Amino acid sequence: MYNFTKIEKKWQKYWDENKTFKAVNDSDKEPYYILVEFPYPSGAGLHVGHVRSYTAQDALARIKRMQGYNVLFPMGFDAFGAPAEQYAIANHIHPKEAVKENIKTFKGQMLSLGFSFDWDREFSTTDPDYYKWTQWQFLQFYKHGMAYKAKKDVNWCPKCKIVLSNEDAAGGVCERCGSQVVQKEKSQWMLRMSDYAEDLIKGLDDTNFADRVKLGQINWIGKSKGAEVDFTVSETGDKLTVYTTRCDTLFGVTFMVLAPEHPLLDKLSDMITNMDEVRKYREFAKSKSAFERTEINKDKTGVRLEGITVTNPLNGKDVAIFISDYVMMGYGTGAIMAVPAHDQRDYEFAKKYNLEIIPVISGGDITKEAYTGDGEMINSDFLNGYTNKKESIERMLEYLQEKKIGRPKVNYRLQDWVFSRQRFWGEPIPMIYCEKCGWQPMDEKDLPLLLPDVAEYEPTDDGESPLAKIESFVNTTCPKCGGNAKRETDTMPNWAGSSWYFLRYMDPHNDHEFASMDAMKYWKRVDWYNGGMEHTARHLLYARFWVQFLYNIGLVPSKEMIWTRVSHGMVLGSDNQKMSKSKGNVINPDEIVSDYGADVLRLYEMFMGDYQQDAPWNTSSLRGCKRFIDRIYRLKDKLNNNDGYTKALEAIQNKTIKGLTYDIERMGYNTYVSKLMILTNAYEEMESISKEDYRLLLILLNPVAPHLTEELNEEMGYDIIANATWPICDESKVAEEEREIAVQVNGKVRATITIGIQEDEESIKNKALECDNVKKHLEGLEIVKIMVIKNKIVTIVAK
RNA sequence: GCCUGAGUGGCGGAAUAGGUAGACGCACAGGACUUAAAAUCCUGCGAGAUUCAACCCUCGUGUCGGUUCAAGUCCGACCUUAGGCACCA
């Protein structure tokens, strides 16, 4: 019938040669910036999941262009990181080469799918021209006191021999290899992300992110309002501050728990009579992986600090101090007041060590479990009788502040960003260590600091980056004193390059700035950012943090540079499972393109289901889409020589235009396609159709299936659809004169009647009552009420 | 445990503001065309009862309640499932 491969190649070549989709930075048109997450170019090639989201955004881009916007729709590659490095180690080639190959594959696949990316703006995060600016921005963090080096207990993967961020070690398991993560002390570069916790929450108000995305961000930041309360070590007078969200229960404190790492232990080691036991517990806690340590339902463990006690500042009562690993040094003050009567964890601990449990809120049965509900305050001196939790907390806070033993305090779970990786394949951190001058930033004019060309990428056994073995890289001179100095050998995390790439697209060839202020002011922001659900917490938060920082130092025009963020669902295998080689359910887009064509694959992936939900692959359904495309092609046999639109089609044509324009705004791609099928069905029922009719259908279908539609459009002798204007619905053509509506008797549909759109209520009521079946159901009943809901339904209530 | 989604025919899924549930497609069945098959076209297709047939009737959107003339849609409790977080004081 037609050779789709030939047609698709023809138009892909045309678009490429004519730079049809090039975005310009100096246009009078309204800018519109559509972004899809750039892919990690893995060896496996493009996934059908990529095709889904790229097609969706491509359709949006094509429509927005037709609507007269200057559309920026760029693509690039996020190519630093572990997989490329692992691949390089296994195959003994430089990751640079592997990445180059993979990018070639990915780009070839994308081109074969006809996405309207502006390829003139393409870059990879591994390009020195790009990572030069990532390094430059790191220096700005450093120069503004936002980057610091700290000895931290970090998540250490014994197999990959790398340090992992909390995010990468989620659940105590290495995200890459699944090994159990252990704790190891290392000197790390950190970014002060926790300083931005509040701004990152507030900034969400200036975005149009989906609610579930906003909530994900808020939960990740983990804001908690509470109080700090100062206790004192009875024997020494040392202050010991705790953080609590329930200061109203202070009279129920029967012991205190410190994190095993708490610094007070070292300070008072002379006082603690069982220090050996304490040290042993500390070692024990440290040896445990994060997973074991945070595992729920496990027995509480701990050691009592003999020789010291602590005084409750409220009632002067002395209570015992314990250390236990259920208290974390990284949150709050690393010390808690234990109220076993009203906290599950404290309760378990108290039960195990036989500690006193004093209820201060009435209601529960403390012989059975900790009572976390509300009730009247008891055993609480001035709080006795309070029944409202909020009021009790407020009253207690007043008291604490009055006595200067406590203060309101807000805590966040969000921690500073561990920014070092002991890897080869990342952006080198442009810092130099001099024995005399300490850490010194590289001179900005010496950037980029290039990764050396070497053959060894394995990390050292002690966890240093492979770069540490390369003397020509390590040895340098101090930028300050000129003496011998050594470079930082850690590299940046994978998240670095993707934290600002959307800014670079606005001005990708700029060689004296990461992007000019003019360019960023012109494009304003990313209007529509699409990505996977798995990136809505971390990547998005890092990117927002990065932008907020750049804004605060005057380098970007606004604090939030991403307006709408949406997440797409996964394309699952036909067995409803995540696609994976081991399950043998992987669909290769190349095969589909060669067997069915890119248009069919694109159409099918839009049609397969709700874009924001996961959807399983179904080859039969794909064939149905092929059938539809073939029907579109065959419609050309129906062409007549009439001018304009066929009268009988105008209503449905305009209705379709209206529906599609609405669908695209709300990401209703599946209904977008179904409406086109309905329109096509209507065309097929006609004896013949005009060229205008046909062209309209082709324009409407073009965003999803751009190749064949351009071809058929060209055959009729029209200018290309990419230059066309998106049609606007003519409401006067949609307006119907009559409508069929239902008649209900006591809530059940009993008949349908045809009414005029302007028909008056009385006449409609009479029509309804005349229906045989309505009469039948009203027999023996008395009509209570008749309601006419305009142009929708007539409902009769009878008794 | 907490936070997010999602539960609708044999299947993927529609239903935009509470108003005729099942659009559109797949699969399946019957028919047309064909020497035959493929392709294409036509018809049917939630379950049940009844009927020569049609109309008509009953039930039906995870479960149980509620609000309403009217609920897939709103409210309350619960179940299942996917994802995220998780001893965060």
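The structure presented is a predicted model; accordingly, all values stated were derived computationally and were not measured. Just so it is clear: chains get the letters A, B, ... in the order the sequence lines come, proteins before strands, and each one is counted from 1.
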Participant: Just how far, in rounded Å, is P of C85(B) from CG of Leu215(A)?
Facilitator: 15 Å
Participant: To the side chain of Trp220(A), which of G19(B), A14(B), C85(B) is closest?
Facilitator: C85(B)
Participant: Can you tell which of C85(B), A15(B), C69(B) lies closest to the side chain of Thr795(A)?
Facilitator: C69(B)
Participant: Would you state whether a donor and an acceptor, one from the side chain of Gln344(A) and one from the base of G1(B), lie under 3.5 Å apart?
Facilitator: no
Participant: Tyr331(A) side chain: which of G25(B), C85(B), A89(B) is closest?
Facilitator: A89(B)
Participant: Side chain of Ile678(A) only, please: which of C69(B), C85(B), A23(B) is the nearest?
Facilitator: A23(B)
Participant: Does anything in residues 601-621 of chain A form a salt bridge (charged side-chain N to carboxylate O under 4.0 Å, His left out)? List the pairs, not counting sequence neighbours.
Facilitator: Asp58(A)-Arg602(A)
Participant: Is the ring pair Tyr326(A)/Phe349(A) parallel, tilted or perpendicular, if the boundaries are 30 and 60 degrees?
Facilitator: tilted
Participant: Met329(A) has an atom CE; how far is it from atom P of A89(B), in whole Å?
Facilitator: 16 Å
Participant: Tell me, yes or no, whether the heavy-atom count around Ile728(A) atom CD1, taken from other residues, nucleotides or ligands under 6.0 Å, exceeds 12.
Facilitator: no
Participant: Taking the side chain of Met787(A) as heavy atoms from C-beta outward, which of A89(B), C69(B), G25(B) is closest to it?
Facilitator: C69(B)
Participant: Have a look at Arg413(A) and say if it touches a base, only the backbone sugar-phosphate, or nothing, with a 4.0 Å heavy-atom cut-off.
Facilitator: base
Participant: Taking only the C1' atom of each, what is the distance from C56(B) to U51(B) in whole angstrom?
Facilitator: 10 Å
Participant: Is it true that, when you exclude Lys658(A) itself, more than 12 heavy atoms of the residues, nucleotides or ligands shown sit nearer than 6.0 Å to its NZ?
Facilitator: no
Participant: Which donor-acceptor pairs under 3.5 Å do the side chains of residues 328-342 of chain A make with protein atoms, sequence neighbours left out?
Facilitator:
residue: Tyr331(A); atom: OH; partner: Ser224(A); partner atom: OG; Å: 3.4
residue: Thr333(A); atom: OG1; partner: Thr241(A); partner atom: O; Å: 2.7
residue: Thr333(A); atom: OG1; partner: Ala335(A); partner atom: N; Å: 3.4
residue: Thr333(A); atom: OG1; partner: Ala335(A); partner atom: O; Å: 3.3
residue: His342(A); atom: ND1; partner: Tyr371(A); partner atom: O; Å: 2.8
residue: His342(A); atom: NE2; partner: Val360(A); partner atom: N; Å: 2.9
residue: His342(A); atom: NE2; partner: Ile361(A); partner atom: N; Å: 3.1

Participant: Please report, rounded to the nearest Å, how far the C1' atom of C85(B) is from the CG atom of Leu414(A).
Facilitator: 14 Å
Participant: So which nucleotide from A89(B), A14(B), G25(B) ends up closest to the side chain of Arg631(A)?
Facilitator: G25(B)
Participant: Nearest heavy-atom pair of His47(A) and Val571(A): which atoms, and what distance?
Facilitator: CE1-O, 4.0 Å
Participant: Ion pair present between Glu369(A) and Lys351(A), side-chain N to carboxylate O less than 4.0 angstrom?
Facilitator: no
Participant: Can you tell me how far P in C52(B) sits from the matching atom in U61(B), rounded to whole Å?
Facilitator: 32 Å
Participant: Using the closest heavy atom to pick a nucleotide of RNA chain B for each, name whichever of Met533(A) or Asn670(A) lands nearer the 5' end.
Facilitator: Asn670(A)
Participant: Working note: Tyr281(A) + Phe284(A), criterion ring pair (Phe, Tyr, Trp, His ring centres under 6.0 Å); need CA distance, chi angles, decisive distance, verdict.
Facilitator: CA-CA 5 Å; Tyr281(A) 185 79; Phe284(A) 162 74; 5.5 Å; yes
Participant: Give every pair of a protein N or O atom and an N or O atom of nucleotides 54-62 of chain B that lie under 3.5 Å apart, one pair per line with the distance.
Facilitator:
residue: C56(B); atom: O2'; partner: Lys776(A); partner atom: NZ; Å: 3.0
residue: C57(B); atom: OP1; partner: Arg750(A); partner atom: NH1; Å: 2.9
residue: C57(B); atom: OP1; partner: Asn773(A); partner atom: ND2; Å: 3.2
residue: C57(B); atom: OP1; partner: His777(A); partner atom: NE2; Å: 2.8
residue: U58(B); atom: OP1; partner: Arg750(A); partner atom: NH2; Å: 3.3
residue: U58(B); atom: OP2; partner: Arg750(A); partner atom: NH1; Å: 3.2

Participant: Which heavy atom of Lys225(A) sits nearest a heavy atom of Tyr243(A), and at what distance?
Facilitator: C-OH, 3.5 Å
Participant: Please report the distance separating the C1' of C79(B) from the corresponding atom of U16(B), rounded so that it comes out in whole Å.
Facilitator: 30 Å
Participant: For the pair made of CZ in Arg634(A) and P in A39(B), what is the distance, rounded to whole Å?
Facilitator: 12 Å
Participant: Among Ile592(A), Leu572(A), Asp575(A), Asn585(A), which residue meets the side-chain contact (heavy atoms from CB on, under 4.5 Å) test with Trp617(A)?
Facilitator: Ile592(A)
Participant: Nearest-Å distance, NZ (Lys675(A)) to P (G13(B))?
Facilitator: 17 Å
Participant: Considering only the P atoms, how many Å lie between G25(B) and U43(B), rounded to the nearest integer?
Facilitator: 12 Å
Participant: Determine: side-chain N/O of Arg627(A) to OP1/OP2 of C26(B), distance under 4.0 Å, yes or no.
Facilitator: yes
Participant: Quick one: label Asp211(A) by what it contacts on the DNA or RNA (base, sugar-phosphate, nothing), any heavy atom closer than 4.0 Å.
Facilitator: nothing
Participant: Which part of the nucleic acid, if any, lies within reach of Asn681(A) when heavy atoms closer than 4.0 Å are counted: base, sugar-phosphate only, or nothing?
Facilitator: sugar-phosphate
Participant: Below 3.5 Å is the cut-off: list the nitrogen or oxygen pairs between protein and nucleotides 6-12 of chain B, distance only.
Facilitator:
residue: G12(B); atom: O2'; partner: Met608(A); partner atom: O; Å: 2.5

Participant: C1' atom, G72(B) versus G9(B): distance in rounded Å?
Facilitator: 14 Å
Participant: Under 4.0 Å, heavy atoms only, any strand: does Gly624(A) hit a base, just the sugar-phosphate, or nothing?
Facilitator: sugar-phosphate
Participant: Under the 3.5 Å rule, do the base of C26(B) and the side chain of Ser620(A) count as making a donor-acceptor pair?
Facilitator: no
Participant: Asp343(A) CG to A89(B) P: how many Å, rounded?
Facilitator: 9 Å
Participant: Any idea which of A89(B), G25(B), G19(B) is nearest the Lys792(A) side chain?
Facilitator: G19(B)
Participant: Please tabulate, for side-chain N and O atoms in residues 248-256 of chain A, each donor-acceptor pair with protein atoms closer than 3.5 Å (sequence neighbours left out).
Facilitator:
residue: Asp248(A); atom: OD1; partner: Arg246(A); partner atom: NE; Å: 3.0
residue: Asp248(A); atom: OD2; partner: Arg246(A); partner atom: NE; Å: 3.4
residue: Asp248(A); atom: OD2; partner: Arg246(A); partner atom: NH2; Å: 2.9
residue: Thr249(A); atom: OG1; partner: Arg246(A); partner atom: O; Å: 2.8
residue: Thr254(A); atom: OG1; partner: Glu356(A); partner atom: O; Å: 2.8

Participant: To the nearest angstrom, how far is Arg212(A) atom CZ from C2(B) atom P?
Facilitator: 21 Å
Participant: With the side chain of Ile789(A) defined as its heavy atoms from C-beta on, choose the nearest nucleotide among G19(B), U20(B), C24(B).
Facilitator: G19(B)
Participant: Verify the contact: side-chain N or O of Ser224(A) to OP1 or OP2 of A89(B), cut-off strictly under 4.0 Å; return yes or no.
Facilitator: yes
Participant: Taking O4'-C1'-N9-C4 for purines and O4'-C1'-N1-C2 for pyrimidines, is A17(B) syn (within 90° of 0) or anti?
Facilitator: syn
Participant: Counting Watson-Crick and G-U wobble pairs whose two distances are both under 3.5 Å, find the runs of 3 or more in a row that involve RNA chain B.
Facilitator: B:1-7 with B:79-85, B:10-12 with B:24-26, B:28-32 with B:40-44, B:46-48 with B:57-59, B:62-66 with B:74-78
Participant: Counting only N and O atoms by type, is there a donor-acceptor contact under 3.5 Å from the side chain of Tyr347(A) to the main-chain atoms of Lys368(A)?
Facilitator: yes
Participant: Distance check needed: C24(B) C1' versus Met606(A) CE, whole Å only.
Facilitator: 16 Å
Participant: With the threshold set at 4.0 Å, does a side-chain nitrogen-carboxylate oxygen contact exist between Lys638(A) and Glu684(A)?
Facilitator: no
Participant: Using O4'-C1'-N9-C4 for purines and O4'-C1'-N1-C2 for pyrimidines, with syn meaning within 90° of 0, is G9(B) syn or anti?
Facilitator: syn
